Structure formats: structure tokens, C-alpha cells
Amino acid sequence: MPEPVKKTVSAFAKKPKTQVAEEGATVVFETETEKPDAKVRWQSNTKDLASGDKYMIKADGNKHSLTIQAVTKEDGTAYAVIAGGSKVKFDLKVKEKEVMEEVKLEVKKEVKEKEEEAQGGAGDPAAPAATDTLAPEEAPAPAETPAAADTTPVAPQPGANIQAHDTPGFDESQAPDTKTDLTGLFTEKPQSGEVAVGENINFVAKVNAASLLKKPTIKWFKGKWMDLASKSGKSLQLKELYDRNSKVYTFEMQIIAAKPSFAGAYRCEVSSRDKFDSCNFDLTVHEARAVEGFDIRAAFRRTSVDGSEEAGELDFSALLKKRDASKSQVKSEPDEDVWEILQKAKASEYEKIAFQYGITDLRGMLKRLKKMRKEEKKSEAFLKKLDPAYQVEKGHKMKLCIEVANEDVDVKWLKNGQEIQSTGSKYIFESVGNKRYLTINHCSLSDDATYTCVVGDEKCTTELFVKEPPVTITSNLEDQMVMKGERVELECEVSEEGATVKWEKDGVELTRDESFKYRFKKDGRKHVLIINEATKEDCGHYTVKTNGGESMAELMVSEKELEVYQNIADLTVKAKDEAVFKCEVSDETVKGIWYKNGVEVKADARTHITHIGRIHKLTIDDVKPEDQGDYTFVPEGYAFNLSAKLNFLEVKIDYVPRQDPPKIHLDCMGHTADSTIVVVAGNKLRLDVPITGDPAPTVIWTKGEKAGSEVAAETWSIKDGDVMTEGDGRLHVESTKGHCIFTIEGADKQDEGLYSVIVRNPAGEDKADINVKVVDAPDPPSAPRILSVGEDSCVVQWDPPKSDGGNPIIGYVLERKKKKSYRWMRLNFDPYTDTTYEAKRMIEGVEYEMRVYAVNAIGMSCHSAASQPFIPVAPTSEPVGLCVDDISDTTISLKWRTPEHLGSSELDGYGVEYCKEGSDEWVPAFEGLTERTSVIIRDLPTGEKMQFRVKAYNMAGPSAPTSLAQAVTIREIMQKPKIWIPRNLRQTLIKKVEETINLVIPFQGKPRPVITWSKDGEPLNPKQVSIRNSDTDTILFIRKSERKDSGKYEVKLQIENVEDTASISIQIVDLPGSPEKLKIMDVWGFNVALEWKPPKDNGNCEITGYMVQKADKKTMEWYTVYELYRRTNCVVADLIMGNEYIFRIYAVNMVGLSLEPCFSADSAYIQKTGFEYKPPTYKEHDFSEAPKFTHPLVSRSVIAGYNATLSCSVRGIPKPKVTWYKNKMDISNEAKYRMFSKQGVLTLEIRKPCSFDGGVYMCKAVNASGEDAVECKLEIRPPGTFPQAQITKEERDKQMNKAD
């Protein structure tokens, strides 16, 4: 098989262009060739043109021109220019004169309008673009080429819209987004967004009002029903802008200081009379970064000039800075439902909850809470009503149930106010006893509605929410590689039919544009993106997205190359013989033209042109001398050709005597390299040897074991045309007049060798040797090996094949595929000569496989075995924050933080290396890797300067190293001893008897200090107290403390002559002893006086009080009279007459009650006495009082849309009648107002006031003793504005004085 012919360069340096001309004009087509001596032919409708009156053809070096005089309608046709094997086609379009004049006028008018717009719209961003257009007199002439017309404005068709970016010089990046939905009102829809807690985000919607008769109305919703217009305020602002020039409304929703509760689905609706459009978008709120902990001790450090810790002033700035961070941390916590907390809390905890959650109107919240707790009025028709809301997944069944009081009553079910009819199996009504059921089968989004059950005059309502499950991708997209111009179909399958998907190319959403470049097809659950004719611009990553996942695939488009499988060969034929030129190309659809000496060959009786599949033939019967010449085949659409030469062989007949010795007529004979015939394995080997001789010679064919061998392995012979010896069925030997033909069908490697042909007759003998070489495609290479991987690439290596098929390897072709895919994608089209290749443009984190083909001149081998699966990953970034944590004479402690970028692969660990200063020999600090971010390196040379570095390792290998800023000297640094007493030990530590004491005292100091403990100046008893020391702290441990362990403990650190001490006070407390000498000092009436003395043992702590108890001698049941009584004497009152009592007392301290009480030695008897009660007499008092307002109404300024209240308080006996007035009009019976009166506090509630609710409000109280009235002013202002005037202090005092 010959090598593929490479694509040649076009013969033209400048090509003629299509032109438009009017009748009677002169048109000139010009072209330039690469070579100055090239022969050029001009054609019209495939017919050659010659110079004359109509056409004028000129040639000047490499410049050629065709001039057409007096153009007519008949000249409007297709033309072509031919140079060598290159052919360029172009057209001439002829128009009438009137049409051309109209075009010119339209162009001049349009250019003039653009100039006026440019002069009047200096502030318009599109104005500079308009000023670049040509003047009217510079409008394109009729005969100008389209190349020149590209730089001038083309006359628009009537009714066409001229965009700003259609003019030269316009920057498309500054053009507004003009993508419109032909079925909607939005020109720009709000897009889903993400925001961190505490940050702001804007959503923008644009509506083009050019075709609208009325201003569009927009509504913003959260979820399905929450209208955000009423929520506008501190956290939400709605804006509206209108551009009079473009007639575009811009609506903006700004969310300020986002909270986690703001996340969810939103909807934007726009309407204008009978037109309506809506779109959905989502908001995702991310948690704020966690705040790193801080040492509060740093906030109490003193600032001083001399640097001493004890001098200077306290600096709290560090603590203040940390508060901001702590606030942001609080913001990141999820919001809690305060209503639910208040409902569950006790009344005594309300103030604590209000302080914790920042509630300012606690009183108002408690009023609403009390209303929430009120039980609903018991229904007479329903025993059990519907819940407020239900939720069901799409496609599932929903069953609504109620219980009615009367079993025989009829119920009606309504959906959005319309009665539901029982038709089909969608709705099923059931009645079981006093229960009524409504079953909704196969719920869809249309079932998302309000449902009502009506029984007589009563009804109950619920809301049904149909939850649509997320749409997932069940079949992913596949990578594809296509040729330029081919049709591309990217197909995926989703989990639900009719689902909506979004297609993106390199992150940009694809839409159905006017050119129909992309077509979107839905077939059930299958979604297909169709590209009719792929171009190089279509290369990239395509993504299909649903609300439940996404899938990505890569599309690669390659230039279409035509491969030549068989080239045409030179022929030498004799007169009357047949000449056949044959070639084979890779594309069956490619047509071509045959040329002889540059002139196209036409088919006739002797010349036949055939095209069957990939084979093109030119057959010439009965060859004549004039058929000799150069023959060329030019494929249409490709700039290269195949050429061969036809040589005519004249046969001279000479007189030959009858006895003619045999002769073999070969161009090359013998054992030279030129006599080797190469045949491709599997093809037919045909050796046609011309011979002469009279009489007809006997032909003997002999094959040796190998070229040059003298040993004959097989022999075949022919005599008088009959085969004397025959081989296997693949071999055929035949003889014709003047020729001896040896044929092997399906040649293979065994047929390779030296063939000898011997011809004999009585006149003599002749012999010729022919060396035959059989070549084949190479064996497949070995399985490729992955040497390394990167973020989107890998380096692959393989071994050459064991056999090259008899032809040298010219290169390799590589393919790759995703592990879970079945489609292999070719990485290179031209053979790659090396055995190491870097594959790029892969997706990080996806598993791939590679395989290789070997290529020689014959063809391509089978593919190799696939490589081991691998994942492209990039090394991590370098670790950060490497520093020295500690150092000694032989060790060093290092610590660092994890890399900022880890990539898609897990971190395997860290490697630590060190070297001496000035050396490049890095030594690993330990074998393997460590997962910790700190390490201690031991056995280092003392006093040596060392450098250290750390690398992070993952699947892709080590990261870039991070090193210390400078070398470190390995030597321990003296550190002054310092004891850090914890805050809880800076005051006396109190423990109960038998409790465990475990004191951890941190300290600092190097080298390790000597630690000494003592108690009250005496050494500690090791049997009672345990001491454990480390490098950073010391621990004092007492398993069971006793009273004798109380005292002052001292700890001392000493390093050489420097020491530091600290003391800790420990107090061990126990239960107190019982009080002493309880006596009954006096008994009178129902009272008894007691007195006692404190206990001798107070339990090593203060006595906090006494518990006094009494008991009746009859029952001996003890009752507590006083608890935590502080004094040592008391009076027990309210005793019962006729009973005898005894008393006991317990002592109480911080540990508890004393084990034993102190009993009274005597008892107290309460004597019975008689008396008579005489009730006093009183004069009846008149409590009547005229009404009087104790607290007046206060003028207010409120925001429209939010409920407002006016409050005052009144007193009067009897209870006065209260009437409310607005602008002196009675409003008692209006539904917009609600009046409350509770214990003299009067409240007027105005529901969602508007601007018409402003005015003077008056409250009037009347009873039998008189009347009183107060009034105030109420101002209603729109959202986002501030009150125009504040109520002055004088006005307030005036109102208060009026009330008094």
C-alpha cells in the first residue's frame, strides 16, 4: 500500500470573488497564482472561454484577469478558473438598473440616519460605533466584490432591525443582552445564585415594554405563595428602573445580610393585561467561616515602654477585634424558632429568653402567644378537621380524611373553590361511618392546590403541596470525535419523562438560535443535542444539567482528510492494447475529474470513466500514439492530485528465423535490490514475465528457501501451454502468447523468497531471478504504561511491537476512553513517532484507560491491551505556615498547616527532609510519610546549622516544597521559668471530703526545670499526695481528700539560679455538727419562742443557716417552719390550740444539713381560750369617678403595609364607654380597625395601613360622672423613607398636660 498523499497547497495566492452588477456594466475578475509561469483557464458553465469581443483574458506574470463587456442577464451564471490541479468557482449576479438605484438610495438613507444618531447620542455607548460608518457617497458600487463590501454597511431589507453591534467598530462585550424568549415577556431572567451568610446578593429581571400597551406589573415570591412585597425592609429591597431609549424595565431584588433561612426557591412573575410570564430561580446560602479560637489572656496584657509585663495600662483592643469575629460566628448558626421556645418555657424564664435572643417587644409577643394558646371554638359539624397542609411526592397517592359529627350528613369537596366531580379514577370519595375520605391518585403538579371540605355552613381547608423528585441522569454523555461537517448527536437519559434539562458548552448555556445551529430533541426520557454540521468552533466540553445532577462529555472536531489507498501508476502500452488508470481513496462519496495534459478528459467510445465505491478508473481502449501524455486525477473539494504517465510502445516486426533461442524480457534481472517485488500480505502475487522463443519454450518456475539460496524448495513447469507440475490450490501457473504468468492467491509471509524462471527450447535457454518480499501491518505494541499524571494530563509509554510487518514503523496512534464508557476516542491522526506521549485535555478526577496502535506503510496494527486505569490528578499546593515549634540540643519540633489546594485526590501524607547549610544533599527525616502536621526530628548534630523543608504527597506525587526562611542552629535556647496558674485556681479551691483533687499547673522553661511542691512550708506526704511532672506541666493528685488536706500549697520551678513560685489554697469542707442547747424560752397565745447555740464543728466552712421543724406529739409528723434561718432564736407562730408541740433544729452549711438534729428538752402546750367577735361598722363610700386619661395618645409615623397600634390608658367608675374617631368620624364599626380594652389600657389596631389611613385619631371615654378625650396624629410613609418631621418635646409635653 503506498504512503498517503499529503495535502498540497492551492495554486492560487488570490482567488476571484462573487460579484453583483447591473445590466450593461463591465465586470473584471482578478486572480493571482503562486507561480508566474502557471497556465490559467477560465470557464463559464464548465465551458472554456476565449478572448474576443465579449470576453477579454489577460495575463501579466502571476496576475490574471477576466473582463466581461456589456453584461446581460444571460451572463449571470457560474464561472471557474483553473490552474494546474486547483479550481476556484465564483458567480456573477446581474440585476436591473432600477433595483440597483433603489439599493443605493436605501444605503445612503440608512448611513445618513446613523450619522444623525451619532451626532445626537454622544452619551450613548453605541454612538462611537455609528460614527465609523461610511459617508453616503462611499456606498458600495454595483461591481464591488464582497470582500470590499465587508467593510461597508450593507443596505438593509425593508423592515429589518439594525442593532448597534451590526455597525463596524462596535464592541460586542458592551452590547446589551438581546436574547429573548419568543413566548415570554422577559428579556433577561433572574438567575440562581449563591451567597455566604451576612453578604448581599442582587437578582435582576428585565422586560421589554416596546410591544406592551400597559406598564408591566412584577411580583416576587418565595416558595409558592409568600409575596415578598410585604417583607420589604431592612433585609429586602425592591427597585424599579425604566430606560426611555430602549423601553426596557429593570426590576431588581436585593437581599441584604443574608441568613441561612433565606435559602430556597424563588419565583418572579410579570404581567401586562392579557400577557403573563414567570420564571423560577434558587438562592443557596453558605455557612460563614468558623472563627479560630483566641487566647483571652492576650486581651489583658499591659502595654509599657520598657516591655515589662507588670507595668503599663491594660489593652483590650485585641478582645474587641475578636468580638466582631464572634458575632459573625453567631450569625452563621441556624435560626431558632423563638415562638416555639416561648411556648415551651415557663413564665419565670421569659425575661431570660428575651435577653438571650434580643427580643425588644416582649409584651407584644406574650400577647400574641396567649392568643395562640387559646383553644379554637369547637365545631358542631366536624369532630376532626383537615391539617393545615399536606405534602406528597409526584406520582404517589394522597388520602385526605375528616370526621363529621353526623354520620348521615353529606359533604362536598372543593379544589381551589371549584367542586370536585367524581369522574374516572383520579378522585375517589369514600364514606366509612362518620369518616369521609378523598383519595387523589397519581398526584401531579396540577394537583398542587387548596382543598376544602364543606359540611352544611361549616368548612375546613388545607393546602396540598406536590413535591417533584429531583431529576437525575441515568445514562451519561459520551465523548465523541467527529470529522468536520459531520452530524453530531450528544445523547443522555434522565430519570423522568418530559423533564427539563439545560445544555451548556464550556459553561455557556446553549439556546435555539436563528441559524438553527443547535437542535434539542426529547424522546421520552432521552434528551439529544444535535449539531447538524460540526465545525472547529464546536470543540469543547458539553454539559447537560438537571435539578438532580449533571453529565459532561468532550467533543473533538478534526479536519476531514482524504487518504489515498492506491495511487495511479505509470503505464507503458502497445498499440491496440487497453490502458487502465486506477486509484482508490478513503471516501466513497468523493467525486473527481480526470485531466490529460491539463485538459479535462471527456468520456467517449474509446474512453470510459467509472466510479465504483472508493475506486476511480479511467480506461482507454485501442490505445493510439496520440493517447500518450500526463494523466491527472483531481478529487473535488481537495487541493491535491494524483498523476501518472502513459507511454506508447511501438512494436517493430523484424524477420526472425524459425530457430529463435528463448529470451526473458525483464527490466531488472538478477539478485540486485532493484529486482525485489513487494506485495502486501493477503493480496494476489502476479508475476507476468514476457518471453520469446521459437519454438515455444518450456517454462520452469523454482522457489528457493530464501533470497539468494541455491536449494530449490518447490518447482513448477509449463510446456506447450500445459501445466506439468502444480502446487497447492493457491498457486496458478499459466502461459499465453509471449507471456508466462505465475500467480499466488492471498500471499503470506511464507511466500517470501527468491523465485527463478527458466525458459528452454531446442535453440537455447534463459534464466531470471525475481526476489519477492511480503509485507504486512505490524503486530500490536505492548500494553501502555502510565508514567505520571497531572491535573488534566498524563504521560504514557509503551514498547515497540515485536514485528514491524516487514516495513519500518512510521509512528503510533493512541486512543483513550473513560473507564465506565465503551467509546474510544483517538488522540492523534498523524502517526506519532516516539514511544512516550503526553495526553492532555482530560477531566480531573475521572478514571481513564489508554491503548496504542502501531502504523507502518502497509497499515495499522490491532490495538494493544488497555493500560491500567488511572485518574488525572494534580499535585497539591505546597504546605503553608512551616515554623519551628520547639528545639533542643539534638531535636527539633516542626509544625505546618495543610495545603490550600488539595485537588480531587486524597492527601497521602507529608515528607520531611533536612540538609546542612550550604549543601544540596537532602536527607529524609524518617521513612515513609506522616499524616500529622507536626513532627519531631531527633539525633541531629548539636550546634550545626540545618535547613528543613516539607512536601505534601498525593496520587500525582510530591508537591512543591515549603522551606524555612533561614537555617536553624540546633541548640537548646534558655527560657526563663514561668508558672501559669489557671484562672479557677487563683482563688481558694473548695472540695468536699472524699472528693478527688487533680490540679494541672502549666509552666514554661528550658531546659526542663526542677519542680518542688510544699504545703504550709512542709514537704508533701507521698502516701497522701501524688505528683507527676512533664516538660510543660505539673500535676498534683489526691485520690480521696480529707479535712487535713486543707491548706496553702506552693510550687517552685528552678533552672540554675532562676526560679518562679506560685501558691494555691485548698479548702476541704464537710457536713456541720448539730446545734446545741435548744430551749423553749416562752409560750403565749399561738406562739412559742425558741433559742439555741451554734454547733461546735462548722464543717470547715461558714454556717449558712438553720432548719427549724415542729411536730405534734399526737402524730409525731415533722413539718419545716424555717429553712436557712440565719439567727439562733426564732418565734414559731400559728400553732393549734390544745396541741402539744416539740421542736428540733438542723445546722446547714455549703455541704448540706448536719447529720443529727438538736431536740428541745421540753414541750410546749397551747392553751384553749374563748372570745367573741364583733364586726366593725363602716360608712358606705361613693367610689364613682369621672373618666380621666392617665396616659395620652402619642403621635406616630409608621411604614405603609405594616400593622400599627395606638395605645392610651383611662380610669373611671363606673367603667366608661370608649369610642374611637378618625378625623372626627366614628370608626367603631369598620372592619379595618380592631379595638381592645384590658384593665384600663385601650388599644386601636390598624391593619396594614396605607396613605389614606393617615390623619387625626381621637379616643373618647364617657360614663355617668363625665367624659374625657385624647387625640394624636398618625403619619403613613412609604417603605424606605424617613418621617418628614419628628414630634417635638414641647408637643409631647403639651399632650401630657392636656391628659392631666
Side-chain angles (χ1 to χ4, degrees), residues 346 348-349 984 987-998 1015-1016 1021 1024-1025 1038-1049 1065-1171:
K346 299 179 181 178
S348 60
E349 299 177 354
N984 63 319
Q987 55 190 1
T988 301
L989 177 65
I990 301 175
K991 291 284 185 179
K992 295 180 182 179
V993 173
E994 294 189 351
E995 282 189 349
T996 301
I997 299 176
N998 188 20
K1015 176 191 172 187
D1016 298 330
N1021 184 6
Q1024 178 66 16
V1025 181
I1038 303 176
R1039 186 174 301 277
K1040 289 185 178 181
S1041 59
E1042 300 177 2
R1043 292 272 292 272
K1044 62 182 181 180
D1045 294 327
S1046 301
K1048 186 176 182 180
Y1049 291 79
S1065 296
I1066 300 178
Q1067 182 180 352
I1068 309 299
V1069 297
D1070 198 358
L1071 295 174
S1074 60
E1076 296 181 349
K1077 299 179 181 181
L1078 173 59
K1079 297 178 182 180
I1080 299 176
M1081 303 302 295
D1082 192 7
V1083 178
W1084 72 97
F1086 306 103
N1087 307 311
V1088 175
L1090 301 178
E1091 187 174 324
W1092 63 92
K1093 291 186 178 181
K1096 293 182 179 180
D1097 182 11
N1098 62 0
N1100 201 22
C1101 61
E1102 181 184 1
I1103 298 296
T1104 57
Y1106 300 92
M1107 178 185 288
V1108 180
Q1109 294 183 337
K1110 67 180 180 180
D1112 185 1
K1113 269 194 170 184
K1114 297 177 183 179
T1115 60
M1116 288 305 293
E1117 293 182 1
W1118 293 95
Y1119 295 94
T1120 301
V1121 179
Y1122 296 106
E1123 194 172 9
L1124 292 180
Y1125 189 76
R1126 300 288 294 182
R1127 294 194 292 266
T1128 57
N1129 53 72
C1130 69
V1131 175
V1132 180
D1134 299 330
L1135 300 177
I1136 300 174
M1137 290 187 303
N1139 290 351
E1140 188 175 1
Y1141 293 90
I1142 61 174
F1143 303 92
R1144 68 180 183 186
I1145 298 179
Y1146 289 91
V1148 183
N1149 66 2
M1150 63 184 301
V1151 181
L1153 296 176
S1154 59
L1155 295 176
E1156 296 293 337
C1158 176
F1159 292 92
S1160 61
D1162 303 324
S1163 61
Y1165 180 76
I1166 307 302
Q1167 298 289 336
K1168 292 183 178 180
T1169 58
F1171 57 90

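What's counted below: heavy atoms across the whole structure, side chains too, no hydrogens, waters or symmetry copies. Keep in mind it's a predicted model, so treat the numbers as computed, not measured.
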If I take atom [atom1] from residue [X] and atom [atom2] from residue [Y], how far apart are they, to the nearest 0.5 angstrom?
{"X": "S1154", "Y": "M1107", "atom1": "OG", "atom2": "CE", "value": "9.5 Å"}
{"X": "I1066", "Y": "Y1049", "atom1": "CD1", "atom2": "OH", "value": "5.0 Å"}
{"X": "D1162", "Y": "F1143", "atom1": "CG", "atom2": "CZ", "value": "11.0 Å"}
{"X": "I1145", "Y": "F1159", "atom1": "CD1", "atom2": "CZ", "value": "11.0 Å"}
{"X": "Q1067", "Y": "D1045", "atom1": "CD", "atom2": "CG", "value": "13.0 Å"}
{"X": "E1042", "Y": "E994", "atom1": "CD", "atom2": "CD", "value": "8.5 Å"}

Legend entry - G1099 to N1149 - nearest heavy-atom pair and separation: CA-ND2, 4.0 Å
Inset, instruction - Write down the atom of G1105, the atom of R1126, and the distance for their closest heavy-atom approach. - result: N-NH1, 4.3 Å
Inset, instruction - Decide if atom CD of E1123 counts as having more than 12 heavy atoms of other residues, nucleotides or ligands within a radius under 6.0 Å. - result: no
Sequence neighbours excluded and cut-off under 3.5 Å, please list the side-chain donor-acceptor pairs for residues 1068-1091, or say none.
none

Contacts of type side-chain contact (heavy atoms from CB on, under 4.5 Å), residue [X], not counting sequence neighbours:
{"X": "T996", "value": "F1037"}
{"X": "N1021", "value": "K1023, Q1024"}
{"X": "Q987", "value": "none"}

Inset, instruction - In sequence, state the C-alpha distance, the side-chain angles, and the governing distance for V1148 and L1124, and then conclude on side chain to side chain contact (heavy atoms under 4.5 Å, CB included). - result: CA-CA 7 Å; V1148 183; L1124 292 180; 3.6 Å; yes
Inset, instruction - Hey, could you give me each pair passing side chain to side chain donor-acceptor pair (under 3.5 Å) that has a residue in residues 1097-1106? Not counting sequence neighbours. - result: R1043-D1097, S1046-N1100
Contacts of [X] that satisfy salt bridge (Lys or Arg N to Asp or Glu O under 4.0 Å) - sequence neighbours left out:
{"X": "K1114", "answer": "none"}
{"X": "E1156", "answer": "none"}
{"X": "K1113", "answer": "E1140"}

Legend entry - Backbone N/O of I1142 and side chain of S1160: donor-acceptor pair under 3.5 Å: no
Legend entry - Under 3.5 Å: donor-acceptor pair, side chain of Y1141, backbone of I1136: yes
Inset, instruction - Determine which pairs satisfy salt bridge (charged side-chain N to carboxylate O under 4.0 Å, His left out) with at least one residue from residues 1128-1137, sequence neighbours left out, and list them in order. - result: none
Inset, instruction - Return the set of residues passing side-chain hydrogen bond (donor to acceptor under 3.5 Å, both in side chains) with E1117 (not counting sequence neighbours), or none when no residue passes. - result: Y1119
Inset, instruction - Using the test side-chain hydrogen bond (donor to acceptor under 3.5 Å, both in side chains), find all partners of T1120 that sit at least two apart in sequence or belong to another chain. - result: Q1109
Inset, instruction - Among L989, T988, I990, find the residue that satisfies the side chain to side chain contact (heavy atoms under 4.5 Å, CB included) test when tested with S1065. - result: T988
Legend entry - Listed partners of Y1125 passing ring-ring contact (aromatic ring centres under 6.0 Å, His included), at least two apart: Y1122
